[in-house]
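Order of the sequence lines fixes the chain letters, A, B, ..., with proteins taken first and strands second; residue numbering starts at 1 for each chain. Predicted model only: the values in this text are computed from it and were never measured.
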Amino acid sequence: MAEQLQDLEGIEKVGVAGAGYLNLYLNRRNFARRKLFEEKSSLEAEEKKIIVEHTNINPNKAAHVGHLRNACLGDTLVRCLRYKGENVEVQNYIDDTGVQVVDVVYGFLKLEKKSLEELEKIEGKFDYYCWDLYTRVSRYLAENEEAQREKAEVLKRIEHGLSPEADYADYISKKIVRAHLATMKRLSITYDVLPCESSILRLKFWDKAFQMLKERQAIYFSQEGESAGCWVMKLEDEPEREKIIVRSDGTVTYVGKDIAYQLWKFGLLGQDFYYLPFEEENGHRVWISSAEPTGYDVHFGAASKVYNVIDVRQSYLQKVVVQGLKSLGFSEQAARSIHFSYEMVALSPKSVAEINVELTEEEKDKSFLEVSGRKGIGVKADDLLDRLEEKALAEVTSRNPELSQDGRRQIARQIAAAAVRYFMLKYARNSLIVFDFDEALNFEGETGPYLQYTAVRLRSIFKKFAERFGFAPEKIISPEIIENFDLQALTPEESRDFWELLVYAAGLDEEVLRAIATLEFAGLAKFTFNLCQKVNSFYHNYPVLAEKNEPLRNFRLLTLNYVHQVICQALDLMGIQVPEKM
RNA sequence: GCGCCCGUAGCUCAGUUGGAUAGAGCGACUGACUACGAAUCAGUAGGCCGCAGGUUCGAGCCCUGCCGGGCGCACCA
């Protein structure tokens, strides 16, 4: 085997290592030249169009840490796919007519007895206001059967678009969606389109999907048993189980609507929404669906592959959706419907103690607590970001007192966002995160701020280099440095460290492909962290500015410059910005 | 009851389709700022990889059983 591999391109020699191993030796000079100067990304798109759906927060309360995990994972997937060259559309589904919004509408109508005008006058953070109201309503509904009937009536009126309930739902959900988008913007997360459930209902997407499902006999009308009078779907791998799609009163369940939505995503419904601009910033426009013609000639959906970022608890329902596609004969699309599942974020007892909620005796005994909007158990995303910014601001101020107030605030925002994003990515997706403030507020060790700090210091070296030697690193970056530099002249230690650093840094593309294939970003996070550790150690051991030997000095600068580029690229993929100073 | 997930250092977690001596961070302990920024770096200690079988030349990883924890299995979303 060793002999046959002898002629491989870029391979210097092949050695038999024993124990069944072959060692391949790279032609080092060629490898270095290719990595440092020639090779750009060799990745290429494979899909016509990819839809990534993430965030999907019920628009009835503030976003919490669990939602942050979803959005960070989804946005990082989007960034990785785009880096690979894919055409990606980001969707954030808005369940603006669902029971959670109805609860809050009911709360405003019955508990608060507020008119729409009064509602508009509420001061402070509206999403926070609703957070509290939602827990009050939930408690009230649980204790009051008559209220549940009243709420059911409100739900029906909203679904049919009747005033005033539907106006409340529209006002509340839109206002809260704006709050969510503002929260996500703090983390550099944006969307292309916001498809609304209200649009799906009014444009009768479901009716069309229902027709298709009936025609293909993907669902059938149950005559007996518990599901009598319902339209149900049988599960392929669990034939004894059936899932109700249409209730006996003729209304469609959430899964049914989701099947219609999934069909639309693949362009299989033969119908599209209308769209209105919802927000715009830096030339990027976020569109929202509408049930009425709007005059805008824009279209979304019709993808060749779809990722749904939804927590693991919905695995079963996602399976039903995929089965729906399959039963309709769209096996290709079914195979390209990817449920990107991840475990939830729970709270440590210590964190719960900080958020002022009452716990039952049973809850007090647990080692962690599930986030619950109904019970008001959760760390709000904006609260977490505020605390991080406050801490970061204090740190920045003590280190860079000469910077302006605005400048320091800007940096603190970037650091806070980095801390959150890295925190959400560093864990494997099927590992449960037990959220703890002390851990999340840490800026040292394996954290986002550490990565930023590494990049900032590298930049600082480049800046000082330019000041001292009169030219920027870019000026001396040329293949000649490698061609003319005698790699053999390096000490054995530096040679070893240099090659290790270079080969490691060169692995970014491979890491991104792996992340996409496994939908696992913990590896990418780890890769970036390890690279930062290596380069920190490297420049600690091998100074640039103090080096008297000019070729060696330039060679080191070149090395750091390359690694800096890779780190910045990796950080960008994770949605982490690099501050000027910190 | 059935299905899915987790169990690796005191704590939080990695461990690449089974591969060479199981790795990080935090915490603990030692060192390094008159220095390209100490949010850093160098080092020390700390492991029956939940338990028991099995497959394999080789298992933290695959199979079976058990123990412990979590989540699903709505005419809720």
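Across all strands, A517(A) comes closer than 4.0 Å to no nucleic acid atom at all (heavy-atom distances). Among the atoms of the strands shown, base atoms are found under 4.0 Å from some heavy atom of M582(A). L458(A) comes within contact range of no nucleotide atom at all, as no heavy-atom separation falls under 4.0 Å. Residue Q100(A) is out of contact with every strand shown, counting any heavy-atom pair closer than 4.0 Å. Within the 4.0 angstrom heavy-atom criterion, no nucleotide atom of any strand lies near V246(A). Residue contacts shown for A346(A) are absent, as no nucleic acid heavy atom lies under 4.0 Å away. Contact annotation for Y542(A): base contact, defined as any heavy-atom pair under 4.0 Å involving a base atom. If you check every strand for non-hydrogen atoms under 4.0 Å, F529(A) touches sugar and phosphate atoms only. Contacts of L560(A) with the nucleic acid, taken as non-hydrogen atoms under 4.0 Å apart, are absent. Among the heavy atoms of the strands, none lies under 4.0 Å from V535(A). Base engagement by V544(A) is indicated by at least one non-hydrogen atom pair under 4.0 Å involving a base atom. Among the heavy atoms of the strands lying under 4.0 Å from L432(A) are primed sugar atoms or P, OP1, OP2 only; no base atom is included. Residue-level contact check: F465(A) touches neither bases nor backbone, having no heavy atom under 4.0 Å from any strand. Residue-level contact check: E520(A) touches neither bases nor backbone, having no heavy atom under 4.0 Å from any strand.
Whole-Å rounding puts the E370(A) CD to G70(B) P distance at 11 Å. Spacing between atom CG of L317(A) and atom C1' of A74(B) amounts to 10 Å, rounded to whole angstrom units. Rounded to an integer number of Å, the gap from CG of L524(A) to C1' of A14(B) is 14 Å. The OH-P distance, from Y427(A) to G15(B), rounds to 14 Å in whole Å. Atom CD in E343(A) sits roughly 17 Å away from atom P in G69(B) (whole-Å rounding). A straight line from CG of L425(A) to P of C13(B) spans 15 Å, rounded to a whole angstrom. To the nearest angstrom, P of U12(B) lies 18 Å from OH of Y422(A). The distance from atom CD of E511(A) to atom C1' of A14(B) is 12 Å, rounded to the nearest whole Å.
In this model, a donor atom of one side chain and an acceptor atom of the other lie less than 3.5 Å apart for D436(A) and S348(A).
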Inset, instruction - Take nucleotides 40-46 of chain B nucleotide by nucleotide from the 5' end and write B, S or -, depending on whether a protein heavy atom sits under 4.0 Å from the base, only from the sugar-phosphate, or from neither. - result: SSS----

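Listed nucleotides A14(B), C73(B), A39(B) differ in distance to K526(A); the shortest reach to its side chain belongs to A14(B). Residue N58(A) has its side chain nearest to A77(B) when only A77(B), U12(B), A24(B) are considered. For E446(A), the side-chain atoms get nearest to G25(B) when compared with the rest of A39(B), G72(B), G25(B). Comparing U16(B), C75(B), C6(B) by their nearest atom to the side chain of R514(A) picks out U16(B).
Between G27(B) and U12(B), the two P atoms lie 15 Å apart (nearest whole Å). A24(B) and C49(B) have their C1' atoms separated by 16 Å, given to the nearest Å. Distance check on atom P: C4(B) versus C57(B) gives 29 Å, rounded to whole Å. Between the C1' atoms of G47(B) and A9(B), the separation comes to 6 Å (whole Å). Taking atom P in both A35(B) and U21(B), the straight-line distance is 45 Å, to the nearest Å. Nucleotides G19(B) and G25(B) have their P atoms positioned 23 Å apart, rounded to a whole Å. Comparing C2(B) with G58(B), their P atoms are spaced 34 Å from each other, to the whole Å. Between G50(B) and G68(B), the two C1' atoms lie 8 Å apart (nearest whole Å).
In this structure, C11(B) is classed as anti because its glycosidic torsion departs from zero by more than 90°.
Look at K464(A) and you'll find a side-chain N or O under 4.0 angstrom from OP1 or OP2 of G37(B). Close to A14(B), at under 4.0 Å from its OP1 or OP2, lies a side-chain N or O of S431(A).
Ring pair Y422(A)/Y450(A): centre-to-centre distance not below 6.0 Å. Between H54(A) and F340(A), the distance from one ring center to the other does not fall under 6.0 angstrom.
For the pair E511(A) and R514(A), the salt-bridge criterion is met [side-chain N within less than 4.0 Å of a carboxylate O]. At a threshold of 4.0 Å, the pair D311(A)-R69(A) does not count as salt-bridged, since none of the basic side-chain nitrogens sits closer than that to a carboxylate oxygen. Look at R413(A) and E389(A) and you find no salt bridge, because none of the NZ, NE, NH1 or NH2 atoms lies under 4.0 Å from a carboxylate O. R496(A) and E500(A) are not joined by a salt bridge, as no carboxylate oxygen comes within less than 4.0 angstrom of a charged side-chain nitrogen.
Residues P543(A) and S367(A) each lie close to RNA chain B; by heavy-atom proximity, the contact nearer the 5' end of the strand is made by P543(A). Across the interface with RNA chain B, nearest-nucleotide mapping of T454(A) and N442(A) shows N442(A) to be the residue nearer the 5′ end.
Rounding to the nearest 0.5 angstrom, the gap separating the CG atom in L347(A) from the NZ atom in K366(A) is 12.5 Å. For the atom pair CD (Q565(A)) and CG (L560(A)), the distance works out to 11.5 Å, reported to the nearest 0.5 Å.
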Distances for protein N or O near nucleotides 59-63 of chain B N or O, under 3.5 Å:
none

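F462(A) and H564(A) have perpendicular rings, their planes meeting at more than 60° on a 0 to 90° scale where under 30° would count as parallel. Taking the six-membered ring where the residue is Trp, F465(A) and F469(A) present tilted rings, their angle falling between 30° and 60°.
Relative to the ring axis of F529(A), K426(A) does not place its NZ or CZ within 45° and under 6.0 Å from the centre.
Base pairing analysis places C62(B) opposite G54(B); the two distances defining the Watson-Crick or G-U wobble pair are each below 3.5 Å.
Across K257(A) and W206(A), no two heavy atoms sit closer than the pair N-CE3, 4.4 Å.
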